[in-house]
Amino acid sequence: MGSVLSYSGLSTKIRAMQSRLVTDEQLEEIVQLPNVPQVTAYLKRTPEYQNIWSGLDENDLHRGQVEKLLKKSIFLNFSRLYHFANQEQRTFLSLYSKRYEIRVLKEIMTNLFDHRDTDPVDISPYRDFFRHHSKLDIDRVAGAGNMDEFMTALKGNEFYAPLQSVYENGNGLLFDYGMALDLYFFIPLSQVNERGNATLFDFGMALDLSYFSQIWNVRKKLFKGNDLKQITKAYGEKFDMLNLQFIQRSKRCFQMEPAAIYALLVPMNYKLRKEEITTLVEAPTPEEFRRIFNGTYYGKKYEQLTVASLEEFYNYILRSILEQEARKDPYSVAVIYSYLYHKEHEVNRLTIALECVRYGVDPEQSLRYIRNG
């Protein structure tokens, strides 16, 4: 991997797909629209959505259906890249795609933990993806009515083992961090597994840590040269930044003890040294935390990064790393990772824009939400 010859065709394909993504200027226009049907009509005229949405009537679509169509576009574009990629590039795409499987499993578990008479998760946006890129029997998993049935449906799949440990021995944490930017929201105490005291957080964390560990452990076997360097940098800084967020929010918002914080951390470190993690976790005051943080690689490299801005800066750093690496070497795995990240980020921002339009949020405030999303 990493050669001009092996990447020239795929890089050209990705540049074309990248050019069709919704721009910041278009988002500014979208948040000024009066209602969801007009947002849908607007998107139908954009290069990214005009072909696949051309047969849809925007007046018949409600917000939830539009969000499903946006999600579906992620999986559709992933499949386009996979179809165009060679065998080596498909190795990375197959590894990357596990995040999509985990996302859907979390969505299904969230539905189960709600303990309400809700319909099963609608997997129509994902069905084609799972048919071609997953070994999960997603219809069976999504049809589970409780965690017993959910775990039974997962037997024989790689996701079963990390979840089984939590299912049998849950540790009773009371937070759902989601392992993304939606970190640290309380979840109802009713969201407890019938067989123990494991929460949605415990199951989500088990899936995420299993996935992160797999990426970190196999990267040297799957990638070489510049590709290995770029994968290590992109994921290494991602893991470091997640840990910084975990530590900071655990201490500031929940006053958690060090032992509890250590249990939440991603067990891989890149530029954030183990001794720095220890001193940050055990810093007795916010002032001491800031002092230690300022001396770390991230505190020195990103001067505009402060402890208070860690969460909103996370997306900026990850996006900047991927953009820089993709520009520096457009014939490498970085260009694939960068495009997929930007596509997912587009869908996140459009989903926020839809919510803002639906509730009549001021356009300037809407753009602030979108930039932080």
Side-chain angles (χ1 to χ4, degrees), residues 95-115 121 136 141 144 146-147 150-151 153-154 157-218 235-270 272 274 277-278 280-281 310-311 314 318 344:
L95 183 63
Y96 188 92
S97 71
K98 294 183 189 299
R99 64 186 276 126
Y100 298 148
E101 295 177 285
I102 289 172
R103 178 182 298 178
V104 176
L105 289 176
K106 285 182 179 180
E107 190 174 337
I108 294 170
M109 286 191 292
T110 299
N111 203 53
L112 293 176
F113 269 74
D114 275 345
H115 288 298
V121 172
L136 273 173
V141 175
N146 53 52
M147 284 302 294
F150 178 82
M151 293 301 299
L154 280 178
N157 188 272
E158 64 181 297
F159 299 116
Y160 179 80
L163 291 178
Q164 177 66 9
S165 177
V166 175
Y167 189 57
E168 297 294 343
N169 308 304
N171 60 16
L173 292 171
L174 300 181
F175 307 101
D176 176 18
Y177 293 74
M179 288 303 294
L181 293 181
D182 56 340
L183 303 174
Y184 307 100
F185 289 99
F186 283 106
I187 63 173
L189 294 180
S190 63
Q191 291 189 357
V192 175
N193 178 20
E194 294 91 337
R195 292 191 52 156
N197 60 350
T199 66
L200 184 61
F201 160 72
D202 301 310
F203 288 101
M205 175 68 83
L207 288 173
D208 288 322
L209 292 185
S210 175
Y211 174 54
F212 292 159
S213 297
Q214 182 181 17
I215 290 171
W216 205 245
N217 292 334
V218 305
Y235 281 104
E237 294 209 4
K238 174 187 177 76
F239 298 157
D240 282 349
M241 289 298 296
L242 282 173
N243 278 339
L244 284 170
Q245 290 182 73
F246 275 134
I247 297 169
Q248 190 256 358
R249 290 298 300 262
S250 297
K251 294 173 73 70
R252 181 168 66 88
C253 297
F254 304 115
Q255 295 78 50
M256 295 174 68
E257 294 297 319
I261 297 174
Y262 286 127
L264 302 178
L265 301 183
V266 180
M268 286 78 75
N269 57 292
Y270 179 55
L272 194 63
K274 290 182 179 179
I277 293 175
T278 300
L280 286 167
V281 169
L310 273 173
E311 290 176 34
Y314 168 83
L318 183 57
E344 293 166 25

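- Put simply, CE on Met268 and CG on Asp240 are 10.0 Å apart, with the number rounded to the nearest 0.5 Å.
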- Task: Please step through side chain to side chain contact (heavy atoms under 4.5 Å, CB included) for the pair Thr110 and Glu107, ending with a clear verdict.
- Result: CA-CA 5 Å; Thr110 299; Glu107 190 174 337; 5.7 Å; no
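- Note that CZ of Arg99 is 13.5 Å distant from CG of Leu207, once rounded to the nearest 0.5 Å.
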- Task: Any chance you could lay out the side chain to side chain contact (heavy atoms under 4.5 Å, CB included) test for Phe246 and Ile261, step after step, and finish with the verdict?
- Result: CA-CA 8 Å; Phe246 275 134; Ile261 297 174; 5.8 Å; no
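- With respect to Glu101 and Lys106, no salt bridge is recorded, no charged nitrogen being found less than 4.0 Å from a carboxylate O.
- With sequence neighbours excluded, no residue satisfies ring pair (Phe, Tyr, Trp, His ring centres under 6.0 Å) with Tyr262.
- In this structure, Ala144 and Phe150 approach most closely via the heavy-atom pair CB-N, 3.4 Å.
- Put simply, the side chain of Asn157 never gets that close to the backbone of Tyr160: no donor and acceptor are under 3.5 Å apart.
- Distance alone, capped at 3.5 Å, is enough to place a donor-acceptor pair between the Lys251 side chain and the Val281 backbone.
- Applying the ring pair (Phe, Tyr, Trp, His ring centres under 6.0 Å) rule to Tyr96 yields the partners Phe92, Tyr100, Tyr337; only residues at least two apart in sequence or on another chain are considered.
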- Message: Would Phe203 and Tyr167 count as a side chain to side chain contact (heavy atoms under 4.5 Å, CB included) here? Give the steps.
- Response: CA-CA 8 Å; Phe203 288 101; Tyr167 189 57; 3.9 Å; yes
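- Minimum heavy-atom separation, Phe201 to Leu264: CZ-CD2, 3.1 Å.
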- Show your working on side chain to side chain contact (heavy atoms under 4.5 Å, CB included) between Phe113 and Met147 and close with a plain yes or no. CA-CA 8 Å; Phe113 269 74; Met147 284 302 294; 3.8 Å; yes
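- Not one N or O on the side chain of Asp202 forms a donor-acceptor pair closer than 3.5 Å with the backbone of Val166.
- Residues Leu163 and Glu168 fail the side-chain proximity criterion, which asks for heavy atoms closer than 4.5 Å.
- The salt bridge (charged side-chain N to carboxylate O under 4.0 Å, His left out) test applied to Glu257 returns no partner, not counting sequence neighbours.
- Taking CG of Leu154 as the start and CD of Gln164 as the end, the distance is 10.0 Å to the nearest 0.5 Å.
- Taking the six-membered ring where the residue is Trp, Phe239 and Phe212 present tilted rings, their angle falling between 30° and 60°.
- Looking at heavy atoms from C-beta onward, Leu105 lies in side-chain contact with Leu136 at the 4.5 angstrom threshold.
- A donor-acceptor pair is defined here as one N or O able to donate and one able to accept, closer than 3.5 Å; no such pair exists between the side chain of Ser210 and the backbone of Ala206.
- Counting all heavy atoms, side chain and backbone alike, Pro267 lies closest to Leu209 at CD-CD2, 3.8 Å.
- Between the side chain of Ser165 and the backbone N or O of Ala161 there is no donor-acceptor pair closer than 3.5 Å.
- A distance of 11.5 Å separates CD1 in Ile247 from CE in Met256, rounded to the nearest 0.5 Å.
- The distance from the NZ atom of Lys98 to the CZ atom of Arg103 is 15.5 Å, given to the nearest 0.5 Å.
- With hydrogens and angles disregarded, no donor-acceptor distance shorter than 3.5 Å links the side chain of Asn243 to the backbone of Leu265.
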